[in-house]
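Taking it in order: structure first as structure tokens, then the write-up.
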Amino acid sequence: MPTRYLEAAIAAAAAGETVLLRYWNDAFESGARRPVAGTSRKSSRELVTDADRAAQSAIAETLRRYFPDHNYVMEEDEAETVRDPNVPTWYVDPLDGTREFIAGKPEFA
């Protein structure tokens with residue numbers, strides 16, 4: 001894997017982590033037992049939070065600084081599709097373990 005790809009992936013993961021931990025820590029510092037603010041449903045079974053969306057934005061912004069011409073398929077933005085099959089495509093799930101995150105269980109990534 002070229003170094004620039006790895007560098008971008010690490011930077012994007014760190015950007016997402018920063019956002020998620022900010023939501024997590026802000027909730028508990030305010031006395032809340034869990035970070036539930038901004039929770040809605042994507043479908044009958046899928047939940048999404050403001051933290052999901054904010055982390056996805058941070059990840060996308062970071063990746064696009066490295067590779068503006070790549071394709072990006074983001075879990076929380078179903079409108080995004082592969083535009084050019086001749087360039088790499090990044091698939092992003094900004095918060096794996098949304099239900100655990102909402103429940104205040106530290107079992108998310």
Side-chain angles (χ1 to χ4, degrees):
M1 175 183 288
T3 303
R4 188 132 170 92
Y5 284 88
L6 181 58
E7 182 182 318
I10 291 170
E17 174 191 39
T18 297
V19 170
L20 293 176
L21 290 179
R22 184 181 70 236
Y23 274 84
W24 181 264
N25 292 332
D26 286 353
F28 290 102
E29 287 174 8
S30 72
R33 291 183 33 203
R34 52 190 179 175
V36 296
T39 301
S40 60
R41 291 195 178 275
K42 287 193 302 188
S43 67
S44 62
R45 296 183 51 202
E46 302 259 342
L47 296 171
V48 63
T49 66
D50 289 347
D52 285 279
R53 291 184 181 105
Q56 178 173 284
S57 291
I59 292 166
E61 181 180 307
T62 301
L63 290 174
R64 286 184 173 122
R65 275 198 311 267
Y66 283 85
F67 304 108
D69 297 331
H70 284 190
N71 296 303
Y72 298 92
V73 178
M74 306 286 183
E75 183 181 23
E76 310 311 338
D77 186 1
E78 296 172 11
E80 293 212 32
T81 60
V82 175
R83 292 170 287 148
D84 183 351
N86 298 312
V87 299
T89 300
W90 295 78
Y91 291 87
V92 176
D93 178 357
L95 173 56
D96 188 42
T98 299
R99 288 184 186 279
E100 291 78 9
F101 185 84
I102 292 168
K105 297 177 183 176
E107 300 166 6
F108 60 90

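Please read all numbers here as calculations on a predicted model, not as lab measurements.
When all heavy atoms of G16 and A55 are compared, the pair lying nearest together is O-CB, 4.0 Å. Residue P106 comes nearest to W24 through the heavy atom pair N-CH2, 3.8 Å, listed as atom of the first residue, atom of the second, then distance. Residues R65 and R4 approach most closely at O-NH2, 4.4 Å, considering heavy atoms. Residues A51 and L20 come closest through the heavy atom pair O-CD2, 3.7 Å. Between A8 and T62, the closest heavy-atom pair is O-CG2, 4.5 Å. Nearest heavy atom pair, residue E107 against residue E100, reads O-CB, 3.5 Å.
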(message) side-chain contact (heavy atoms from CB on, under 4.5 Å), that's the test. Do R53 and V48 meet it? Break it down for me.
(response) CA-CA 8 Å; R53 291 184 181 105; V48 63; 3.1 Å; yes
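M74 has its side chain out of reach of W90: every pair of non-hydrogen atoms, C-beta onward, lies at least 4.5 Å apart. Using a 4.5 Å heavy-atom cutoff, the side chains of L95 and F108 are in contact. Looking only at side-chain heavy atoms (C-beta outward), H70 and L63 stay at 4.5 Å or farther from each other. Between T98 and T49, some side-chain heavy-atom pair lies under the 4.5 Å cut-off.
Atom CD1 of I10 is separated from atom CD of E17 by 12.0 Å, given to the nearest 0.5 angstrom. The distance from atom CG of D69 to atom CZ of F67, rounded to the nearest 0.5 Å, is 10.5 Å. Atoms CG and CG, on D26 and L21 in that order, are 10.5 Å from each other to the nearest 0.5 Å.
Between the side chain of E75 and the backbone N or O of V92 there is no donor-acceptor pair closer than 3.5 Å.
Both the sub-6.0 Å distance and the 45° axial angle are not jointly satisfied by R83 relative to the ring of Y72.
A distance of 6.0 Å or more separates the ring centres of Y5 and Y66.
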